[in-house]
Structure formats: C-alpha cells, structure tokens
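Lettering follows sequence order; numbering is per chain, from 1. This is a predicted model, so every value here is computed, not measured.
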Amino acid sequence: MVAIPSRVVTALAVETRDLVREYKGGVRAVNGVSLAVASGEVYGFLGPNGAGKSTTVRMLCTLLRPTAGWAKVAGHDVARDAAAVRRSIGVALQDAAIDPYMTGRELLRLQGVLHGLSRQGCRDRADVLLDRVGLVDAADRRVGTYSGGMRRRLDLALALVHEPVVLFLDEPTTGLDPLSRVTLWDEVRRLNTELGTTVFLTTQYLEEADQLVDRLGIIDDGRIVAEGTPRELKAQVGDPTLAVTPVRAEDRARAREVLSGFGPEVLGAHGCVAVRLAAGAEGLAAVVRAMDDAGVAVREIDLAEPSLDDVFLAATGRHLEGDEAPAPAGPAPAASR
Amino acid sequence: MQRTLTVSLGLAGRNLLLVRRVPSVFIPSLVMPLFILIATAGAFRGIAALPEFAGESYLAFTIPMAATMGAGFAGINSGMTLARDLEGGFFSRLQSSPAPRLALVLGPIGAALVRSAFTTTVVFIAGGIGSVGLPGLWGTLTVYGLAMAFAAITSCWAIGVALRAKSVQAAPLMQVVVFLSVFTSVAYVPQDALTGWLSRVSEWNPVTYILNASRSAELTGTIVWSETWPGLVAAGILLVVLGAFALRPLFHLER
Amino acid sequence: MSWDGSAARQTGALAWRSVVTTVRLPQAWVPALFFPLVLMAIFTASFGGAPGNIPGFPPVRSFLDFAVSGAIVQGVLIGGTTAGAAFATDIEGGFFDRLVASPVSRTAILTGRLGASVVLGIAQALLFVGIAELFGADVAGGPGGFMVLLLITALFAVAVGGLGVFLALRFGSAEAVQGMFPLFFALLFFSSAFFPRETMTGWFRTAADWNPISHLVEAMRDEVVGGAEPGTVIAGVAIALTLAVLAVGASALAFRRRLREAP
C-alpha cells in the first residue's frame with residue numbers, strides 16, 4: 001500500500017522548457033512552451049479554442065508524450081517519471097468524464113482505490129470531499145441526475161482524493177451558468193489558500209483569468225505570447241482610459257483642451273471626451289483639479305483599466321471573445337472607450 | 001502486485017455495477033446465451049440423429065457452445081465499456097492516476113470472468129429445465145473454467161481493439177470476429193460431421209479445441225485428458241497472443 | 001391521401017433516394033448481405049450430412065438448396081430493420097418534416113419507402129440465388145417458380161418495411177426501431193427458416209407451426225428444391241400478402257396520426 005504522497009516542497013510546481021507536441025501531419029499544437037509555476041501559485045492559461053491549452057495540460061498530466069522539450073511536475077519529469085507525476089497531481093479534464101450510472105460517492109471511493117487508499121481511507125476521504133464541495137445531499141444519487149455545476153464540483157472532488165500537490169483544471173467552468181461558475185471559483189480559491197495546492201488551469205474566459213489566477217500565460221497558436229500577473233499584463237498594454245462627460249455639452253471643447261495635456265485622445269462614447277492617461281491611474285487627481293480650474297462642471301468621470309482582451313489584442317492582433325459567443329458577462333471592455 | 005490486484009478489483013467492480021444498472025446491457029447479457037441455447041437446441045435437434053453424435057442429447061451438446069458464446073458476449077462487453085470510457089474521457093482519469101497500468105486492463109478482464117460465470121450458470125439452469133443435469137463436479141468445473149478462459153480471451157481481443165480504435169465505432173469489429181471464431185469452429189455438429197470448407201477451417205480454428213474440451217466434459221461428466229489438453233493448449237496460446245495484443249497499446253497510449 | 005400521376009413520380013423519386021442512401025452507406029447494407037450469407041455457408045457446411053440421413057428431413061439435392069430461402073428471408077428482415085431505422089432518422093433529423101411541409105403527396109412518402117424496400121429485397125434475393133447457384137444450387141421450379149420466390153420476397157419486404165415505418169412513426173427514434181431487431185431475429189430462429197419443421201418436437205415445433213415465417217420460407221423453398229405443392233405455395237403467398245396488408249395498414253394509420261398532431 002502506497003501512502004498518500006507527502007507534500008513535496010519544491011520551488012517550482014510546474015516547469016517546462018521548449019515543450020513541443022506535434023500531431024500526425026506535422027501540425028504543432030504546442031510549439032515551444034517554456035513556463036515556470038511556483039508552488040502555491042494559481043497559474044492560468046488563457047487562449048482561444050485550439051490554441052494548445054488542452055494539449056499542454058494533457059502532456060503535463062502524462063496523457064500525452066511531448067514530441068520535444070521537457071516538462072517537470074512536482075519535480076518529476078513527465079516522460080521519464082510518469083508514475084511519480086501521477087501520484088502528485090489531481091486532474092479534472094475538459095470533458096467531465098463521469099459515469100452517469102454511478103453515484104457521486106461510488107465514484108469518489110473508486111478514485112480512492114485507484115490511488116491506493118485503504119478501504120476505510122476511501123470512505124473517509126469520500127465523506128470529507130463530498131462535504132467540501134457541497135454534494136452531501138446528492139452523494140447517493142446517480143451522476144446522471146446532476147446539474148452541470150454539480151458535475152464539475154464532483155469532478156473537482158475526484159481530482160482531490162489523494163490531496164494532490166498540483167491540481168490541473170482544464171476549462172473548469174466552460175458551459176456553466178454564472179452562479180455555478182462563481183461557486184467553483186470560490187472552491188478553487190479556498191483550496192489554494194487553505195491547503196496551498198498549486199493550481200494550473202486553462203480558460204477561454206477573460207473574467208475567469210482576471211478573478212481567479214495569480215499569474216497568467218496567454219497562449220495562441222501553440223506559443224505563450226504574453227505572461228505575467230493580470231495587472232502587469234494590463235499595465236504593459238498601456239495606460240488606462242479616462243472618459244470625462246461635462247454637464248454642459250458646450251464645455252466639451254474646453255474639456256478636450258484640458259485633457260489634451262494628460263495624454264492622446266481616443267474615441268469615447270457619445271457625449272464624452274476620452275484620453276489615454278499617460279500618468280496612469282495616479283494622474284486622476286490632477287485631471288480633476290485641472291477641470292475644476294478651467295471651470296468645467298463634470299457629470300461623470302470614468303477611469304477604465306485595459307482589459308485582458310486588450311492584452312490579447314496587443315499580443316495577437318485579434319480579440320479573444322469575438323467568435324466565442326457564450327462568454328460570461330464580465331467587465332464589458334468596450335463600454336468606456 | 002497487491003496494489004495491481006486491489007485496483008483491478010475496484011475497476012472490475014465498477015464494470016459489474018454498470019452492467020447491473022444499465023438494463024440495455026444487462027438484459028442482452030442474460031437473454032442472448034439463453035436464446036442461443038434454446039434456438040439452437042430447438043431448431044437443429046434433428047441433426048443429433050446423425051451417427052457422428054452417437055446418440056447424445058442435442059441440448060447437452062449445445063450447452064458448452066451457449067456457455068462459450070455467453071462468455072464471448074461478456075468479453076465483447078468489456079471492450080465496449082473500455083471504448084466508451086476512452087471516448088468519454090473516463091479513461092483519461094484512470095490514465096492520469098497512479099493506478100498500475102496492468103490494472104486498467106485486468107479490471108475489465110476480471111469483470112468479464114465474473115459475467116461469464118454468471119451466464120454459464122444461467123445456461124446450466126436452462127439445461128436443467130430441459131432435463132440435462134450438471135455433468136458431475138469435474139465436468140461442471142471444466143465447462144465453467146473453459147467459458148471463463150474464453151471470456152478472458154475475447155475480452156483481451158476486444159480491449160486490444162478498443163485501445164487502438166479509441167472509439168465505440170469499433171464495436172462491429174469486436175463482435176464479428178468473436179461470432180465468426182465460434183461459428184467457424186464446431187458450433188453445431190462434431191468435427192467429423194462437417195463438410196467442405198468448414199471441416200478444414202475448423203481444424204485450424206483454436207476455438208474448435210476449446211469447444212471440444214468443454215463438450216467432452218459436459219457429455220462424459222469427467223475429464224477425458226485426450227480431449228481436454230488440446231483445449232487447454234489452444235486457450236493458453238490465445239491468451240498469451242491476445243493478452244499481448246491487449247497490453248501492448250497500454251504502454252504507448254501517450255504517443 | 002390521394003393518388004395521381006404526380007404521386008407515382010414522387011414515389012419513384014423518394015424510393016430512388018432511399019435506395020441511393022442505402023447503397024452509399026455500407027453500414028446499411030453490409031450486415032444484410034454478410035450475416036445471411038455467412039450463416040448460409042456455415043449451416044451448409046455443418047448440416048451437409050443431414051439430407052438423406054435424418055428421419056423426417058425432406059428430400060433435397062443438397063443442404064444449400066434447402067438453405068437459400070431462409071437466407072433471403074433473413075436478409076429482408078435485417079434490411080427492413082435498417083430501413084425502418086433510416087426512416088426514424090429522417091423523422092429525428094427533420095427530413096420527414098420537410099417532406100410533410102412540401103406539396104409532396106402524403107401517400108408517396110409511404111410508398112416511396114416501401115418501394116425502396118421491395119427493390120432492395122429483390123436485389124438481395126437475386127444476389128443470394130446467384131451465389132447459391134455458383135456453389136451448385138439450382139431452382140428446380142424453373143422461371144415460374146423463381147417468379148413465385150421473388151413475389152413472396154417482395155411481399156415480405158413490404159411487410160417488414162411497413163412494420164419498420166410503423167415503429168419509426170410510433171417511436172420516432174432509430175434506436176427504438178433497432179431495439180426491435182432481436183425480436184425479429186427470435187421470430188426467424190423459432191421457425192423452419194434454417195431447419196425443417198418435420199425434425200422439431202415439443203413446444204418448439206408448435207411455435208414453428210404457428211410462426212408465419214415458417215410458411216413463407218417453406219413456400220419459397222419448395223420452388224427451389226422442386227415438387228412444390230399448390231397448397232403450400234398458395235398458403236405462403238397468402239400469408240405474405242396478409243402480413244404486407246397489415247403492416248401497410250398499420251403504418252398508414254400511424255402516419256395519419258402523426259400528421260394530425262402537426263397538420
């Protein structure tokens with residue numbers, strides 16, 4: 001009987017170098033990805049469908065062999081020491097693959113058996129996890145009767161049976177309603193803060209990336225095109241946009257004159273004057289004073305940070321959520337520009 | 001080793017649970033061997049008047065074939081379940097867990113063994129209703145054993161196909177090969193009574209020897225060694241070859 | 001439902017479509033050819049010693065002569081199930097609604113499907129008899145007997161096709177139609193399709209006596225092996241005709257019911 005792996009303390013939970021996955025026909029789904037995720041971090045992969053997110057995750061979970069480059073998870077090489085990697089990771093893949101004919105409790109116990117827990121261990125762990133993800137009442141119902149959100153929570157619980165050091169979540173909230181999405185985010189955050197579990201997730205939702213991750217890699221066409229904390233990334237793209245709406249329409253010319261001293265003008269919504277604030281958000285106070293000095297009565301001032309979509313646009317020349325219709329209602333990036 | 005066993009049992013248990021809970025799987029697995037027994041023994045019973053049968057009851061003659069076919073269905077079903085798991089992603093969950101690779105195949109094979117024991121029991125009960133009793137302790141054990149061996153063989157075949165095709169679309173390939181392997185052996189009459197192409201094909205078909213051994217046990221009620229050893233050899237060879245066929249792709253799945 | 005010249009043309013067009021979609025989809029016709037032929041080959045090789053050696057076995061030249069009619073009936077059963085499932089797929093997929101919403105004659109939707117079943121059934125019979133002839137079988141009844149064989153095949157194809165259409169209209173799912181297949185198969189095995197009734201005993205014999213498929217197959221078989229008695233042939237044709245009329249009637253009623261729900 002193999003015990004639950006003790007929490008291996010390594011500086012890096014996930015590390016890859018020039019990782020490549022080539023499919024038959026020479027298509028490179030992943031084309032030279034190098035990244036490092038520190039222990040205890042929540043790292044996110046943001047990108048459109050087919051960008052190489054899932055392929056990367058499948059390599060990190062030992063489901064696919066890298067064509068070139070290497071990857072280490074919890075300090076173990078995914079190709080050479082797959083068994084050790086498997087002991088360290090929890091996996092919830094995109095297609096929440098759950099038997100509809102089994103109950104949540106049965107699936108959790110089976111997962112415990114797969115990880116070599118004792119009979120009693122399986123039982124206890126199932127109880128703890130059902131409670132943790134709020135499925136106690138539904139534990140003995142067949143999974144076929146679960147809602148989408150319940151399935152994802154069960155999927156998450158299944159990935160946690162052996163207290164993994166690194167948790168992989170491939171598009172954990174795709175297809176979920178906003179409420180279920182938030183519930184799942186809370187759970188992931190709680191895992192990260194309470195247990196220190198490293199989380200590696202992929203998403204195509206801007207809001208999810210914004211709200212949930214510590215650090216973000218933007219992936220497109222098999223390559224990481226930008227990386228950093230959401231805040232850093234947005235800062236890199238440029239300055240926040242400041243939109244001023246004067247009370248009197250005839251003051252717009254004056255407002256424009258005043259604002260021109262703070263940055264280049266950009267196209268704003270109807271009735272307002274907008275500039276890119278060169279001094280950053282800290283420049284707001286000066287703008288307000290200048291308006292006051294010029295005698296422009298202001299009805300509304302709107303300061304908008306660049307969105308992650310702007311980051312994506314800057315890095316790839318395309319919008320992320322253009323053709324992805326079922327995007328959640330996040331901070332609408334275009335509203336104040 | 002013990003871990004492989006534990007995980008295999010866990011996976012076999014899950015397979016059997018699915019069989020019990022899904023009526024569209026459970027009912028055919030119960031009905032098909034019964035149907036084969038009754039339809040064959042009912043429709044063709046007249047053939048037992050041929051001298052090659054030496055006066056045996058055709059129902060008793062058919063029991064080993066029905067048990068073998070039931071075992072074949074059990075094996076096919078293990079492959080189908082695996083194919084569905086591969087298609088649906090459940091197998092990815094198994095694959096990314098530290099479960100021993102061998103257990104991922106031994107589990108479904110174990111489920112097929114249990115199911116074939118069940119279908120063989122059903123066939124024996126039906127035989128009993130048709131007033132063919134159990135063929136003594138050793139005869140009965142031999143029929144059970146060979147049916148379970150055939151279940152292991154066919155599940156290896158079906159699992160090997162499933163692991164390569166990774167799709168339920170491969171189901172006809174799993175089924176047709178198993179059906180043909182039984183029907184091109186000595187399914188309906190003893191080997192001496194076969195004519196034309198089938199008398200030659202059945203000679204080369206290993207299932208012929210498995211059926212002959214099972215039949216000898218059923219009809220004589222003891223183990224006639226000269227009839228039994230070719231069956232054991234045939235089953236052993238098939239198990240080794242198809243076992244390798246099933247296990248090989250397991251270690252190259254990440255490719 | 002009305003019938004005029006355009007309905008005949010529409011029937012032809014819809015039958016043509018059904019035949020073409022069947023031919024282009026190997027999964028639709030391979031089983032209907034493969035299984036009957038393989039079983040015919042295996043039974044012929046297994047029971048080759050039966051004629052002349054088994055008490056009660058009718059006098060035949062070879063077991064192959066005996067087996068070919070059963071194979072045709074089996075092929076029509078498998079083909080009919082596939083056709084019924086295809087019709088259900090049309091209903092599921094919306095092609096049926098598109099037809100109903102068009103000015104196509106209501107009757108043609110039904111007769112088109114059944115026409116295709118007849119064409120495919122006859123083609124199957126010709127192929128099976130042709131292959132059996134290659135291996136030494138012979139239709140002893142001559143051209144007249146052969147026509148009787150084809151007539152029963154066609155009527156039975158209408159019966160099975162009509163039943164398939166009926167099930168498709170009632171359940172509207174291909175899976176439900178396919179689910180009936182084991183029942184058809186049981187009906188086939190509990191008959192004299194593969195072995196003579198004269199050698200059966202007990203309740204199995206009773207079941208085969210009452211099974212209409214026994215009488216169909218025996219009428220066809222008599223034309224192949226020779227010495228057909230008028231009574232057997234008339235009974236076979238009459239039963240095939242009755243089955244066809246019942247199935248078409250049932251499918252027409254189910255059709256009308258479905259149309260009433262969506263006028």
Practice prompt. Tabulate, in ascending numerical order, the residues of residues 81-90 of chain C having at least one heavy atom closer than 4.5 Å to a heavy atom of chain B, or enter 'none'.
Written response: none
N/O donor-acceptor pairs under 3.5 Å from side chains in residues 147-154 of chain B, not counting sequence neighbours:
| residue | atom | partner | partner atom | Å |
| --- | --- | --- | --- | --- |
| Thr154(B) | OG1 | Phe150(B) | O | 2.9 |
| Thr154(B) | OG1 | Ala151(B) | O | 3.2 |

Fill in: Neighbours of chain B found in residues 39-49 of chain C - heavy atoms under 4.5 Å
Ala41(C), Ile42(C), Phe43(C), Thr44(C), Ala45(C), Ser46(C), Phe47(C), Gly48(C), Gly49(C)
Worksheet item: With under 30° as parallel and over 60° as perpendicular, where do the rings of Phe44(B) and Phe194(C) fit, or are they tilted in between?
Response: tilted
Fill in: Phe189(C) ring center within less than 6.0 Å of Phe35(B) ring center
yes
Worksheet item: Just wondering, more than 12 heavy atoms not from Trp229(B) lying within 6.0 Å of its CH2?
Response: no
Worksheet item: For Phe34(C), is it the side chain, the backbone, both or neither that has a heavy atom under 4.5 Å from a heavy atom of chain B?
Response: side chain
Worksheet item: Do other residues, nucleotides or ligands put more than 12 heavy atoms under 6.0 Å from Arg170(C) CZ?
Response: no
Fill in: Check: Thr199(C) and Arg45(B) side chains under 4.5 Å, non-hydrogen atoms
no
Practice prompt. Flag the one option from Gly196(B), Ala49(B), Ala43(B), Ala193(B) with the top tally of heavy-atom pairs under 4.5 Å to chain C.
Written response: Ala43(B)
Worksheet, complete the sentence: Against chain C, residues from residues 198-211 of chain B with at least one heavy atom under 4.5 Å, in numeric order, are Leu198(B)
Practice prompt. Indicate yes or no: at least one non-hydrogen side-chain atom of Val38(C) is less than 4.5 angstrom from one of Phe179(B).
Written response: no
Practice prompt. Answer yes or no: are there more than 12 heavy-atom neighbours, outside Gln169(B) itself, under 6.0 Å from its atom CD?
Written response: no
Worksheet entry | Leu180(B) portion near chain C, given a 4.5 angstrom heavy-atom threshold | side chain
Worksheet entry | Part of Phe63(C) within contact of chain B (heavy atom distance under 4.5 Å) | neither
Discussion item. Within a 6.0 Å radius of atom CZ on Phe135(C), are there more than 12 heavy atoms belonging to other residues, nucleotides or ligands?
Written reply: no
